[in-house]
Amino acid sequence: MQQRKLSNLTVSSLGLGCMGMSEFYGETNDAKSTELIHKAIDLGINFFDTADIYGIGHNETLLGKALASKRNQVIIATKCGIVRDPTNVTSRSVNCSSDYIKQCCEASLRRLNINTIDLFYLHRTDPNTPIESSMQALAELVAEGKIRYVGLSEADPALIRRAHAVHPLTAIQSEFSILSPQVLKNGVLETCNELGIGFVAYSPLSRALLSNDFKTKQLAENDFRKNMPRFQKENLLKNINLVDEINMLAVEKRCTIAQLSLAWLLAQSKNIVPIPGTKQQKYLLENIGASEINFSKTELNRINFAVDLLTPIGDRYTRELMEIYNMTN
């Protein structure tokens with residue numbers, strides 16, 4: 001597995017998103033997830049992404065146990081700032097106050113069973129707390145040795161610049177895929193490249209839309225995609241038709257659509273690290289194959305042209321969540 005730089009942090013060119021191992025995507029199995037995490041390390045992945053809200057703490061605990069004997073081999077990224085209520089799992093709010101950030105950091109350290117978090121993100125930014133105040137709290141945690149590097153998730157260029165002026169940002173994490181290329185147009189990726197900040201692409205396969213077997217999948221009752229706009233029945237049929245157009249390019253390249261999609265992301269900038277999530281080893285192996293794919297200039301231009309013409313039906317999140325998270329696209 002090749003490696004890349006997120007500012008001063010060196011990680012594998014593909015990371016592993018661990019969210020689905022605890023909830024959101026149907027049934028979970030800790031033993032199988034632990035086995036998959038160990039397999040990922042064997043295959044060269046050293047960058048693991050979690051958050052305090054995934055499984056309301058369960059995902060950090062799972063990851064901490066799985067990595068307990070491999071701490072010196074891995075980079076652990078986690079996040080804080082989104083608040084969930086254990087008595088109402090659908091509720092969401094955002095809190096990036098100094099006290100809450102420090103409280104969350106201590107709780108994440110305990111669940112992960114580590115002394116220092118390698119990369120600590122604000123999961124979303126809080127309109128009620130100046131970013132300068134949040135960043136000062138994170139800078140203090142760095143000074144105390146509780147975190148090594150700082151990141152933001154789903155921040156716009158102006159907010160990135162304000163935050164970076166208080167304490168250097170190592171990474172910006174945002175959704176980025178062939179079906180969600182907004183960071184190419186809204187200035188986020190350009191700002192990261194200008195400031196030397198790494199970019200971590202979450203949902204790089206558009207929550208499995210960019211996969212060859214999604215059409216055959218029946219979503220479980222507890223799969224959160226059932227409530228997402230792009231997965232509503234009529235929208236989903238139209239979006240699958242869009243994916244078919246990309247799949248033709250993958251067939252020509254003799255790779256899967258997932259591999260083409262991940263390789264396309266890697267080709268956008270040397271500072272980009274996608275973090276596809278999976279619970280199955282066959283998809284882990286498929287995703288890792290993307291790191292070996294290279295495009296000619298002509299091939300890349302054809303994919304870029306196709307991406308420019310795609311218009312997915314439905315927002316990335318529900319309108320309610322976009323308002324709570326202060327997101328515009």
Side-chain angles (χ1 to χ4, degrees), residues 1-2 4 11-51 54-55 58-59 62-63 66-67 74-75 77 173 175-180 200-220 222-226 228 230-231 236 239-240 242-244 246-247 249-251 253-267 272-293 303:
M1 174 70 68
Q2 297 176 352
R4 291 192 163 200
V11 300
S12 49
S13 59
L14 290 174
L16 181 62
C18 299
M19 180 182 80
M21 297 176 185
S22 293
E23 65 173 334
F24 299 114
Y25 290 98
E27 297 301 315
T28 62
N29 183 303
D30 286 3
K32 289 183 178 180
S33 293
T34 298
E35 183 180 347
L36 183 124
I37 290 167
H38 292 168
K39 183 67 173 179
I41 295 173
D42 291 342
L43 293 170
I45 289 177
N46 75 346
F47 186 39
F48 295 86
D49 183 90
T50 183
Y54 300 162
H58 173 271
N59 200 243
L62 169 67
L63 197 59
L67 298 177
V74 299
I75 303 297
Q173 181 178 127
E175 183 172 352
F176 184 24
S177 72
I178 281 176
L179 292 181
S180 296
V200 176
Y202 79 80
S203 294
L205 300 178
S206 293
R207 300 178 176 86
L209 269 175
L210 293 164
S211 64
N212 286 105
D213 67 347
F214 184 81
K215 295 178 191 178
T216 64
K217 287 184 178 179
Q218 293 293 323
L219 299 183
N222 59 343
D223 192 312
F224 87 128
R225 288 173 292 184
K226 291 176 74 73
M228 300 189 78
R230 291 186 181 179
F231 291 82
L236 180 60
N239 289 328
I240 286 175
L242 295 179
V243 171
D244 285 341
I246 298 297
N247 193 48
L249 298 174
V251 171
K253 189 65 177 174
R254 297 183 179 180
C255 64
T256 68
I257 187 172
Q259 290 171 332
L260 181 136
S261 300
L262 293 171
W264 177 79
L265 286 173
L266 291 169
I272 290 177
V273 176
I275 52 168
T278 184
K279 296 181 287 185
Q280 298 187 45
Q281 287 199 22
K282 68 174 183 177
Y283 296 131
L284 175 68
L285 293 168
E286 178 184 354
N287 294 342
I288 285 176
S291 63
E292 303 299 322
I293 295 174
I303 300 171

Roughly how far, to the nearest 0.5 Å, is CH2 of Trp264 from CZ of Phe176?
4.0 Å
Once rounded to the nearest 0.5 Å, what's the spacing between atom CE of Met1 and atom CD1 of Ile41?
12.0 Å
Check whether any side-chain heavy atom of Ile178 sits under 4.5 Å from a side-chain heavy atom of Ile257, and report yes or no.
no
If every non-hydrogen atom of Leu14 is compared with every non-hydrogen atom of Asn287, which pair is closest and at what distance?
CD1-O, 3.2 Å
For a quick test of reading the model, state the closest non-hydrogen atom pair linking Val11 to Val273 and the distance between them.
CG2-CG2, 3.8 Å
Check: Thr28 and His58 side chains under 4.5 Å, non-hydrogen atoms:
no
Main-chain N/O of Leu62 paired to Asp30 side chain as donor or acceptor, under 3.5 Å:
no
Are there over 12 heavy-atom neighbours, none belonging to Lys32, within less than 6.0 Å of that residue's NZ?
no
Got Leu236 and Ile240 here, is their nearest side-chain heavy-atom distance under 4.5 Å?
yes
To the nearest 0.5 Å, what is the distance between CG on Leu36 and CG on Leu284?
5.0 Å
Side-chain donor/acceptor of Gln259 to backbone N/O of Glu286, under 3.5 Å:
yes
When you compare the side chain of Tyr283 with that of Thr256, does any pair of heavy atoms fall below 4.5 Å?
no
Would you compute the distance between atom CG of Leu205 and atom CG of Leu179 and round it to the nearest 0.5 angstrom?
10.0 Å
Spell out, as yes or no, whether a donor-acceptor pair under 3.5 Å connects the side chain of Arg4 to the backbone of Ile272.
yes
Validation row: Leu16, Met21 side chains within 4.5 angstrom (heavy atoms):
yes
Test your reading of the model: is there a side-chain donor-acceptor pair from Lys279 to the backbone of Glu27, 3.5 Å cut-off?
yes
Test item: Met19 and Tyr25 side chains (from C-beta on) under 4.5 Å apart, heavy atoms:
yes
Where do His38 and Ala66 come nearest, in terms of heavy atoms and distance?
NE2-O, 2.8 Å
Ser13 to Leu266 - nearest heavy-atom pair and separation:
O-CD2, 3.5 Å
Quick one: does Arg225's side chain have a donor or acceptor within less than 3.5 Å of a partner on Arg207's backbone?
yes
Find out whether Phe231 and Leu209 are in side-chain contact, i.e. whether some heavy atom of one side chain is under 4.5 Å from a heavy atom of the other.
yes
How many angstroms lie between atom CD1 of Ile37 and atom CG of Leu67, to the nearest 0.5 angstrom?
6.0 Å
Pairwise distance CZ(Phe48) to SG(Cys18) - rounded to 0.5 angstrom
6.5 Å
Run the side chain to side chain contact (heavy atoms under 4.5 Å, CB included) test on Leu43 and Leu285 for me, step by step, so that the C-alpha distance in whole Å, both residues' side-chain angles and the decisive distance to 0.1 Å come before the verdict.
CA-CA 9 Å; Leu43 293 170; Leu285 293 168; 3.5 Å; yes
Can a donor-acceptor pair be found, under 3.5 Å and without considering hydrogens, that links the side chain of Ser12 to the backbone of Gly15?
no
Shortest non-hydrogen separation from Leu210 to Pro204 and the atoms involved
CD1-O, 3.9 Å
Checking the side chain of Gln173 only, and the main-chain atoms of Val200 only, is there a donor and an acceptor separated by less than 3.5 Å?
no
Can you check side chain to side chain contact (heavy atoms under 4.5 Å, CB included) on Asn212 and Asn247, steps first, answer last?
CA-CA 8 Å; Asn212 286 105; Asn247 193 48; 3.0 Å; yes
Apply side chain to side chain contact (heavy atoms under 4.5 Å, CB included) to residues Gln2 and Ser291 and explain how you reach the verdict.
CA-CA 8 Å; Gln2 297 176 352; Ser291 63; 5.7 Å; no
Does Ser180 reach the main-chain N or O of Ser177 with its side chain, forming a donor-acceptor pair under 3.5 Å?
no
